[in-house]
Amino acid sequence: MNIIVCIKQVPSIEHLKFDNQARRLIREGVSNQLNTFDRRAITEAVHLREQFGGEVVVVTMGPPQAKDALMECLMMGADRAVHLLGREFAGADTLATARTLALACKKIGYDLILCGKTATDAETAQVPPMLAELLDVPQVMNVIALRVSEDRQSMTVTRETDEGTETLECTLPAVLSAGERLCKPIRVGPADAPQADGKPCEVWTAQDLHANISQFGLSGSPTWVEAIYSIEPQRKRIMLDGDVQHAAQKLLDCLREEGYGAHEWKSRPHQHIRASDRKPYQRGAKAIWVVAETVGEPSPLIHVHTGQSVRDVTLELMGAGIRLANQIDGELAAVVLTHKPNELVNALAAHGADKVYAADAPLLARYTTEPFTKVVCELIQQHRPFAVLFGATANGRDLAPRVAARLGLGLTGDAIDVQIDDQGRVVMLKPAFGGNIVAPILSKTTPALVTVRPGMLPKPEPDPERHTIQIRVPIYPMPTRTRVISEAIITAEGLELDSAEIVIGVGTGVGGPENLPAVHALADKLHAHLAATRKVVDYGWMPPQTQVGLTGRSIAPRVYIMLGISGQFNHMVGVQRSGVIVAVCDSPDAPIFKQCDYGIVADWRQFAEAFAQVVG
């Protein structure tokens with residue numbers, strides 16, 4: 001079984017600094033490392049080769065120093081390496097990168113391609129779906145388990161979703177991206193260097209891949225970065241002294257000053273967007289589209305969902321759509337793909353949709369990549385919108401890159417806002433390097449595509465009297481190379497964290513799962529939701545959907561209260577966008593007290609009980 005693993009060398013983002021005057025990242029003295037998710041992809045590839053034979057080829061596109069990452073992969077057990085090296089590759093966005101890798105993969109030959117779920121520097125998760133589309137093979141993203149059939153023609157794959165897991169049957173060849181819990185990565189060090197001796201590491205140039213080198217690097221990229229700037233929040237770092245009861249009362253007073261219990265928060269005031277404020281548009285006006293995402297309990301029949309509703313992130317995108325469409329005197333449309341969408345159409349109309357393109361078929365009752373891609377692409381080609389907005393969810397990150405690659409369009413992933421600039425261009429604000437750096441990104445192509453992080457934008461106030469034009473989208477039988485065979489909904493907290501105003505973070509300092517009822521009691525008082533550090537999830541105390549941090553999700557609550565969390569970098573990058581951070585830790589030297597707004601040195605349980613009491 002011939003397996004290609006696409007890897008990336010990334011900087012150690014905890015050591016990156018930003019020069020505000022020059023508006024550039026200071027990379028001098030910053031070490032580089034193999035992307036953490038790529039280690040799992042390599043490990044799984046080695047395991048499969050041991051089971052089925054064949055070879056593992058590792059490929060990267062990068063500067064000369066990227067060879068170090070390739071050598072590490074050879075030490076881990078890869079058989080050979082290919083380094084795509086040359087000035088022609090510089091400045092590539094995700095589509096140009098995927099195009100380059102696709103040409104390399106075709107030249108090498110493969111039965112399976114593995115990638116990391118995402119790169120920790122950019123966090124877009126766009127290259128694997130784009131690569132799958134350019135190679136015309138099926139994809140499964142964020143894989144946590146896989147089993148190849150004996151005839152090697154198909155495999156059974158389990159992927160992690162925002163609510164739980166899905167198990168799919170998928171034909172081979174295919175592209176998979178390795179999730180956090182796929183396997184325990186092989187660890188190597190200097191003593192393992194002889195493992196790479198004698199293994200070939202070839203260097204390929206752009207000319208080795210294709211005569212037309214204009215498709216590579218910056219010239220082949222449909223998006224570009226206009227500038228970068230720092231948005232690292234300045235925390236108050238106020239310590240609340242006194243006994244636990246006094247500190248709890250003082251914290252409540254501080255949070256009330258911040259806006260707790262009121263209609264506005266000082267840290268991030270509400271933008272009042274009303275569906276009733278939608279301006280009239282002229283026929284033929286530019287259109288802003290929102291691709292809707294639904295949630296609902298699945299019935300025992302795997303292809304039918306009941307009780308569906310529009311996911312919160314879709315409503316947030318509708319709020320952005322109202323703002324953008326009003327600014328360009330344009331049209332706002334929603335695209336919904338499901339079975340029996342009537343109630344969803346009404347909800348989208350109430351939240352500002354002038355039109356709803358409704359694709360209704362049992363095949364669309366649950367998300368699968370290829371049918372959804374086909375429908376969305378055909379709609380875009382037929383109607384030519386100005387911009388298309390997706391949620392940066394498990395499904396949105398799976399779908400949008402495939403659509404972009406099929407149509408050759410620019411896509412910005414994981415944005416925190418979308419704007420129209422003075423020249424009438426769509427500008428996407430993309431965070432990177434742990435969320436402290438933001439880059440305005442523009443697209444050379446129309447429509448501009450973007451996935452937007454949940455919880456970043458306000459939902460509009462609905463107008464139940466609004467009506468919409470519903471356009472029925474005909475659906476014809478279509479083949480699909482993946483089939484969902486089972487699913488498990490583990491927790492709704494993964495969805496709730498998208499828009500939660502108050503979140504309580506749980507670290508290993510709480511002691512164990514037997515102590516979680518005390519955390520839940522405080523959460524009930526505050527109407528809060530729970531998040532977890534990676535170790536808490538690894539120990540099995542809380543589900544993976546609640547993991548926040550570098551290898552988990554990013555959240556942006558109004559208030560984040562940390563219990564038993566020391567404040568390590570890998571967790572803190574996931575909460576940088578929080579309005580107010582409260583730290584409770586019994587160690588006065590814990591690093592979290594340098595990164596919070598309000599700090600309390602106390603036993604977490606004593607504080608939780610005291611704070612629940614003063615909240616009443």
Side-chain angles (χ1 to χ4, degrees), residues 162 268 270-281 285-296 308-338 341-359 367 372 376 379-380 383 385-393 395-396 399-400 412 414-420 426-429 447-471 473 495-496 498-501 556:
D162 294 327
R268 188 151 42 96
H270 283 289
Q271 297 175 1
H272 293 288
I273 299 175
R274 299 175 178 85
S276 57
D277 292 338
R278 268 295 291 127
K279 295 179 180 178
Y281 67 95
K286 292 179 179 178
I288 306 294
W289 281 15
V290 172
V291 177
E293 190 165 338
T294 62
V295 292
Q308 284 189 327
S309 59
V310 179
R311 188 167 171 176
D312 274 358
V313 66
T314 298
L315 302 182
E316 293 166 12
L317 297 179
M318 293 300 297
I322 291 172
R323 170 170 50 85
L324 297 172
N326 284 350
Q327 190 171 347
I328 62 173
D329 296 322
E331 168 191 308
L332 174 59
V335 178
V336 59
L337 292 74
T338 187
N342 290 343
E343 290 186 13
L344 304 176
V345 171
N346 293 336
L348 293 165
H351 285 85
D354 303 313
K355 291 181 181 177
V356 176
Y357 296 93
Y367 174 77
F372 273 59
V376 173
L379 283 171
I380 290 174
H383 298 283
F386 185 55
V388 183
L389 284 55
F390 303 77
T393 61
N395 291 346
L399 173 63
T412 301
D414 224 30
I416 58 174
D417 198 4
V418 186
Q419 301 173 352
I420 304 290
V426 182
V427 180
M428 287 71 70
L429 300 183
L449 306 185
V450 59
T451 65
V452 181
R453 285 185 184 181
M456 292 291 113
L457 304 172
K459 292 182 285 189
E461 298 176 15
D463 177 2
E465 301 302 317
R466 287 192 84 257
H467 297 284
T468 189
I469 300 171
Q470 181 175 344
I471 301 172
V473 180
L495 300 181
E496 299 292 350
D498 286 354
S499 55
E501 294 220 326

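This one's a predicted model, so the numbers in the text were calculated from it and none came from an experiment.
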To the nearest 0.5 Å, how far apart are CG in D312 and CG in L317?
11.0 Å
Side chains of T393 and E293: donor-acceptor distance under 3.5 Å anywhere?
yes
Which atom names give the shortest non-hydrogen contact between I273 and P458, and what distance separates them?
CD1-CG, 4.0 Å
If you count every heavy atom of other residues, nucleotides or ligands that lies below 6.0 Å from Q327 atom CD, does the total exceed 12?
yes
Would you check, one step at a time, whether the test side chain to side chain contact (heavy atoms under 4.5 Å, CB included) holds for T314 with H351?
CA-CA 10 Å; T314 298; H351 285 85; over 6 Å; no
Show your reasoning for whether side chain to side chain contact (heavy atoms under 4.5 Å, CB included) applies to R323 and D417.
CA-CA 11 Å; R323 170 170 50 85; D417 198 4; 3.1 Å; yes
Please evaluate residues L337 and V376 with respect to the criterion side chain to side chain contact (heavy atoms under 4.5 Å, CB included), reporting the C-alpha separation (whole Å), side-chain torsions for both, the decisive distance (0.1 Å), and the verdict.
CA-CA 9 Å; L337 292 74; V376 173; 4.3 Å; yes
Using the ring pair (Phe, Tyr, Trp, His ring centres under 6.0 Å) criterion, which residues pair with Y357? Sequence neighbours excluded.
W289, H383
Non-hydrogen atoms of Y281 and D329 that approach each other most closely
CB-O, 4.1 Å
Inter-residue atom distance I416.CD1 - M428.CE, 0.5 Å rounding:
13.0 Å
For the CD1 atom of I288 and the CD1 atom of I328, what is their distance to the nearest 0.5 Å?
4.0 Å
Between L399 and Y367, is there a side-chain heavy-atom distance shorter than 4.5 Å?
yes
Distance-minimising heavy-atom pair for G391 and V313:
CA-CG2, 4.0 Å
Using every non-hydrogen atom in the two residues, find where L449 and A400 come nearest and quote the distance to one decimal.
CD1-O, 4.4 Å
In plain terms, say whether R278 and D463 are close enough for a salt bridge, that is, a side-chain N and a carboxylate O under 4.0 Å apart.
no
Is there a donor-acceptor pair under 3.5 Å between the side chain of T451 and the backbone N or O of D414?
yes
Check: L495 main-chain N/O paired with D162 side-chain donor or acceptor under 3.5 Å:
no
Distance from M318 atom CE to L348 atom CG, nearest 0.5 Å?
5.5 Å
Candidate pair L389 and V291, rule side chain to side chain contact (heavy atoms under 4.5 Å, CB included), full reasoning:
CA-CA 6 Å; L389 284 55; V291 177; over 6 Å; no
Spacing of D277 atom CG and E461 atom CD [to the nearest 0.5 Å]:
8.5 Å
Are the side chain of T468 and the backbone N or O of A353 linked by a donor-acceptor pair below 3.5 Å?
yes
Quick check against the 3.5 Å criterion: does E316 have a side-chain atom that pairs as donor or acceptor with the backbone of P454?
no
Given the options R453, K459, R311, D498 meets salt bridge (Lys or Arg N to Asp or Glu O under 4.0 Å) only with R311
Taking all atoms of both residues into account, what is the closest heavy-atom pair of P447 and P385, and its distance?
CB-O, 3.1 Å
Please identify each residue that fulfils side chain to side chain donor-acceptor pair (under 3.5 Å) with K286, with sequence neighbours left out.
none
Find out whether I420 and V426 are in side-chain contact, i.e. whether some heavy atom of one side chain is under 4.5 Å from a heavy atom of the other.
yes
Closest non-hydrogen atom pair between D354 and G330, with its separation
OD2-O, 4.5 Å
